[in-house]
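Attaching a single structure in structure tokens format; questions to follow.
Just so you know, residue 1 is the first one in the sequence shown, and it goes up from there.
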Amino acid sequence: MSCQRCDGIDLYHPHYTGNTDERVREFTFDVARHVLSYPDGVAKSMVLVNRLFPGPTIRANKGDTLNVHVNNHLNESTSLHFHGLHQRGTNSMDGVPGVTQCGIPPGQSFTYRIILSQSGTFWWHSHSSTQPIDGMAGAMVVHSVFAGFHASGEDMFNWYLSRSSAGFEPVPDNGLVNGRAFRDVCSRTHELYPCSSIEDVKSTQFNFVRGKKYRLRVINAAALAEITFSLDRHVLRVVEADSSETEPTDIHFAPIAPGQRYSFIVTAEASGPVSQVTLRADMNTNCFNYRNPTLDPEIRALVNLVDDSSSIVKRATIWLRSLVPGKLRAESLRWDDFLLPEFCRDLDPNLLVPVSVGSHSGPVPPFDYRVQVWTKTLKLERVNLAPFGFINRTSFMPAIGAPNLHVAFGLVDAAATAPMPTVGGKKNTETLGGDQLVVPISMKNDEKSQVIELIIHNPDESAHPFHLHGHDMWLIRAFSGDAGLGGWKPEFEAEYVVENVVPRDTIVVPRLGHAVVRFRVSTDNPGILAFHCHILWHLRAGMMMQFAVGLDKLDEKMVTSEMRQHCNIERELGDNLLVPLPGDEFRKGMIPPT
């Protein structure tokens, strides 16, 4: 069993704000754009909450009511998603524009109100545009009693959707641990970006008292990079995966996909020849399509081994971002395990076993309803060969001012809003508008739950870390094959692993292969659930679908007056919010050919 405090110590993120005693946790998030250069010397325009990077850590207890007041000082809409929370009874607070709400307009405010029914390690991030990769993200820890680019996220996304990218996702320029670099990168960064050499980079450092135990909560907030996490000379004891507690398992290296979280118990070396060891978060460059000369893929922080607790950091969350690192100053060497270069994939699920108590400790239940989807990044001539993401021939493009939850309640007619330009050129969906794949899941009056088996085919050359909002998934099969040979077949059912499966909200679908997951939906947790790739470029380019569960069980009162007003503002802006798809300006004569 994992512990919230081991030997009286649990590391924490330094930007925690909020009252630790009250059962109602109040947080105020002021969202604005600022220019920062302290991480590694490069001046970068960032979207920050309370001027902090990473953003404030939310810390609360299971059962608390969480109120997060968001004030939008940007010149664009924003939103807030609490990654991993089930949102039981509060689906309208899931924070996905076009699905459960409209974005918070510029100059407007909104309060997210959530009752915390889970415990574990989570994180929050914007679900609007490329704001997460520009800094609008932070950790969230609920007790049971990090990637970025020197160019703006939107600039990088526009490059990704141009012919120049050839469909290659932007490779990060740098990597940070808890928002700080190991050294500046002025000697390597592009001359277009102002960079001031920092003589003494304040890299992230932790003090561990020798012989004490520490819980490291590690979050991969990268847009693309899979991170391999390790701590020199110290064994990582896995006790949590995506907020699910696991039986203790000892490892040296942990691959962590974007969106995933782990907790590790580490016992600080009681004695030894070194007083400082290196914490490593290496990017798996096998997942990148080109070499970035600016990037040092070895992200690092330092751990000081001290003999007393006079200056000890009591708690910390380790926040990984691919935005670095520098030459090793500690007298330590990485573990000497021989690791074969591999494409991105999950930590071996056979190493993870759920705790022997709780609702997830038994075998994975049989399915009631099977859904098959195909994910694909396609470069179509009609959009100037831009690499848009598809699921079953849809590339997510929501209606303006008509999120699906509001449409389901009859609060707005999506068909009457400004028509969206769809990537595939087909008409907007009749009821929901835009281009959307929404799978309805209905239950009979006497049914309280159903188990869905979801088969995700991935013929792409890259893996896709998929996140399901509001629910956990059991991964019962994952397979990577050769091109054209990795698809699912009915005979594979005999190879399913249904015992000792840890439920997770983010799983990796291997390249040129498939994954099979099951998840339980129930009448006591209805709503519209987003399911999407957590590689930001793929999500932003349309790789998202939804499940509509028991909408007749929802109360339209969950849609607040503020939410309705925000959608009114969107609809009034209408055509002004439309952005031409790549290639449209040439096809429609908006720009004369040269």
*Do you know the tightest heavy-atom contact between Ala222 and Ile133?*
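In terms of heavy atoms, the two residues are closest at C-CD1, 4.3 Å.
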
*Take Leu581 and Met397, measure what side chain to side chain contact (heavy atoms under 4.5 Å, CB included) needs, and give me the verdict at the end.*
CA-CA 11 Å; Leu581 297 174; Met397 194 78 70; 3.8 Å; yes

*asked:* Please check: side-chain N/O of Asp134 versus main-chain N/O of Met46, any donor-acceptor pairing under 3.5 Å?
replied: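 A pair under 3.5 Å: no.
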
*Give a yes or no on this: more than 12 heavy atoms of other residues, nucleotides or ligands lie within 6.0 Å of atom CZ of Arg370.*
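Enclosed: over 12 neighbouring heavy atoms sit under 6.0 Å from CZ of Arg370.
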
*Parallel, tilted or perpendicular: ring planes of Tyr160 versus Phe157, cut at 30 and 60 degrees*: tilted

*Any donor and acceptor pair, going by atom type alone, linking the side chain of Asn458 with main-chain N or O of Pro510 inside 3.5 Å?*
yes

_Step-by-step side chain to side chain contact (heavy atoms under 4.5 Å, CB included) determination, Leu48 to Leu36_ = CA-CA 10 Å; Leu48 302 181; Leu36 291 186; 3.6 Å; yes

*Hey, are Gln108 and Gln565 close enough side-chain-wise for a donor-acceptor pair under 3.5 Å?*
no

*Side-chain contact, heavy-atom cut-off 4.5 Å: Leu529 with Phe531?*
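Not in contact.
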
*Would you name the heavy atoms of Met156 and Pro170 that are closest together and state the gap between them?*
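What the structure gives for the nearest pair is CE-CB, 3.3 Å.
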
*Ignoring hydrogens and geometry, is there a side-chain-to-backbone donor-acceptor pair from Asn292 to Pro172 under 3.5 Å?*
yes

_I need the Met545 CE to Thr375 OG1 distance, nearest 0.5 Å._
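The OG1 atom of Thr375 is 11.5 Å from CE of Met545, to the nearest 0.5 Å.
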
*asked:* Looking at every heavy atom in both His73 and Ala32, which two are closest together, and how far apart are they?
replied: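 Smallest heavy-atom distance, with atoms named: CB-CB, 3.9 Å.
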
*Are His86 and Asp472 side-chain neighbours, meaning at least one heavy-atom pair lies under 4.5 Å?*
yes

*Measure from the ring center of His514 to the ring center of Phe479 and say whether it is less than 6.0 Å.*
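Yes, the ring of His514 comes within the 6.0 Å limit of the ring of Phe479, centre to centre.
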
*Distance, nearest 0.5 Å, that separates CD1 of Ile452 from CG of Asp368*: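 Rounded to the nearest 0.5 Å, the CD1-CG separation comes to 7.0 Å.
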
*Parallel under 30°, tilted from 30 to 60°, perpendicular over 60°: which one fits the rings of Phe466 and His464?*
perpendicular

*asked:* Going by side-chain hydrogen bond (donor to acceptor under 3.5 Å, both in side chains), name the residues that satisfy it together with Glu570, two or more places apart in sequence or in a different chain.
replied: none

*Give a yes-or-no answer on whether the side chains of Ser128 and Thr78 include a donor-acceptor pair shorter than 3.5 Å.*
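There is no such pair (donor and acceptor under 3.5 Å, judged by atom type) between the side chains of Ser128 and Thr78.
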
_Consider side chain to side chain contact (heavy atoms under 4.5 Å, CB included). Of Arg88, Arg520, Lys553, which one does Asn525 pass it with?_
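When side chain to side chain contact (heavy atoms under 4.5 Å, CB included) is applied between Asn525 and each of Arg88, Arg520, Lys553, only Arg88 qualifies.
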
*Taking Arg571 for the side chain and Ile400 for the main chain, is one N or O donor matched with an acceptor at less than 3.5 Å?*
no

*Flag, side chain of Asn72 to backbone of Pro105, donor-acceptor distance under 3.5 Å*: yes

*Is the shortest distance from a Lys or Arg side-chain nitrogen in Asp505 or Arg261 to a carboxylate oxygen in the other one below 4.0 Å?*
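Judged by the 4.0 Å cut-off on N to carboxylate O distance, Asp505 and Arg261 do form a salt bridge.
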
*Salt-bridge test for Arg477 and Glu453: reply yes if a basic N is under 4.0 Å from a carboxylate O, no otherwise.*
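Looking at Glu453 together with Arg477, the answer is no, because their closest N to O distance does not fall below 4.0 Å.
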
_So Gln436 and Thr394, do their side chains get closer than 4.5 Å, heavy atoms only?_
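With C-beta onward as the side chain, the pair stays apart.
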
*For Asn392 and Val373, work out which heavy atoms get closest and say how close.*
OD1-CA, 3.2 Å

*Say you draw a straight line from OG1 of Thr111 to CE of Met93; how long is it, rounded to the nearest 0.5 Å?*
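With rounding to 0.5 Å, OG1 (Thr111) is 8.5 Å from CE (Met93).
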
*Test log, rule side chain to side chain contact (heavy atoms under 4.5 Å, CB included), inputs His81 and Gln87*: CA-CA 10 Å; His81 171 58; Gln87 295 286 8; 5.7 Å; no

*Calculate, to the nearest 0.5 Å, the distance between atoms CD1 and NZ belonging to Ile391 and Lys376 respectively.*
13.5 Å

_A side-chain contact here means heavy atoms from C-beta on lying under 4.5 Å apart; do Asn289 and Val171 qualify?_
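No, side chains not in contact.
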
*asked:* Just so I know, are the side chains of Met558 and Phe409 near enough to count as touching, which here means a heavy-atom distance under 4.5 Å?
replied: yes

*Let me see the working for Leu85 and Met140 under side chain to side chain contact (heavy atoms under 4.5 Å, CB included), right down to the final yes or no.*
CA-CA 10 Å; Leu85 290 190; Met140 179 173 180; 3.8 Å; yes

*Can you tell me how far CZ of Phe288 sits from SG of Cys344, rounded to the nearest 0.5 angstrom?*
7.5 Å

*For Asp346 and Gln260, does a side-chain donor sit closer than 3.5 Å to a side-chain acceptor?*
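Indeed, the side chains of Asp346 and Gln260 share at least one donor-acceptor pair under 3.5 Å.
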
*Using modelled atom types only, decide if a donor and an acceptor are shared between the side chain of Ser79 and the backbone of Pro97 within a distance under 3.5 Å.*
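Pair absent, no side-chain N/O of Ser79 close to backbone of Pro97.
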
*Salt-bridge contact Lys489-Glu495 (side-chain N to carboxylate O under 4.0 Å)*: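 Result for this pair is no, no salt bridge flagged.
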
*For Asn284, does its backbone N or O pair with a side-chain atom of Thr228 as donor and acceptor, under 3.5 Å?*
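Not at all, since once roles are kept as given, no pair shorter than 3.5 Å links the two residues.
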
_Using every non-hydrogen atom in the two residues, find where Leu554 and Pro526 come nearest and quote the distance to one decimal._
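Minimum heavy-atom separation between Leu554 and Pro526: CD2-CG, 3.5 Å.
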
*Quick check: does any side chain N or O of His471 sit under 3.5 Å from a backbone N or O of Val521, one acting as donor and the other as acceptor?*
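Looks like no, no N/O pair under 3.5 Å.
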
*Can we call the ring centroids of Phe390 and Phe388 under 6.0 Å apart?*
no

*Please report the shortest heavy-atom distance between Thr506 and Pro258, naming the atom on each side.*
CG2-O, 3.8 Å

*Quick one: does Leu74's side chain get under 4.5 Å of Gln131's, heavy atoms only?*
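Of all side-chain heavy-atom pairs linking Gln131 with Leu74, at least one is under 4.5 Å.
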
_Side-chain heavy atoms of Arg33 within contact of Glu76, under 4.5 Å_ = yes

*Asp94 (side chain) donor-acceptor with Val96 (main chain) under 3.5 angstrom*: no

*asked:* Are the side chains of Met543 and Thr377 in contact, using a 4.5 Å heavy-atom criterion?
replied: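 In contact.
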
*Are any of the side-chain nitrogens in Arg511 or Asp460 under 4.0 Å away from the carboxylate oxygens of its partner?*
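Answer for the salt bridge query: no.
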
*asked:* Taking the ring of Trp123 and the ring of His534, is the distance between their centroids below 6.0 Å?
replied: yes

*From His34 atom NE2 to Ser45 atom OG, the distance as rounded to the nearest 0.5 Å*: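 One gets 9.5 Å once the value is rounded to the nearest 0.5 Å.
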
*With ring centroids as reference points, do Phe547 and Phe519 lie under 6.0 angstrom apart?*
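Aromatic pair counts; centres sit under 6.0 Å.
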
*asked:* Strictly distance-based, threshold 3.5 Å: is any side-chain N or O of Glu226 a donor or acceptor partner for the main-chain N or O of Arg345?
replied: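 Yes; judged by distance alone, with no hydrogens or angles, the pair exists.
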
*Kindly assign one of parallel, tilted or perpendicular to the pair His469 and His532, based on the angle between their ring planes and the thresholds 30° and 60°.*
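Judged by the thresholds at 30° and 60°, the geometry between His469 and His532 is perpendicular.
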
*Check: Arg540/Thr130 side-chain N/O donor and acceptor closer than 3.5 Å*: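 Side chains of Arg540 and Thr130: no pair found under 3.5 Å.
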
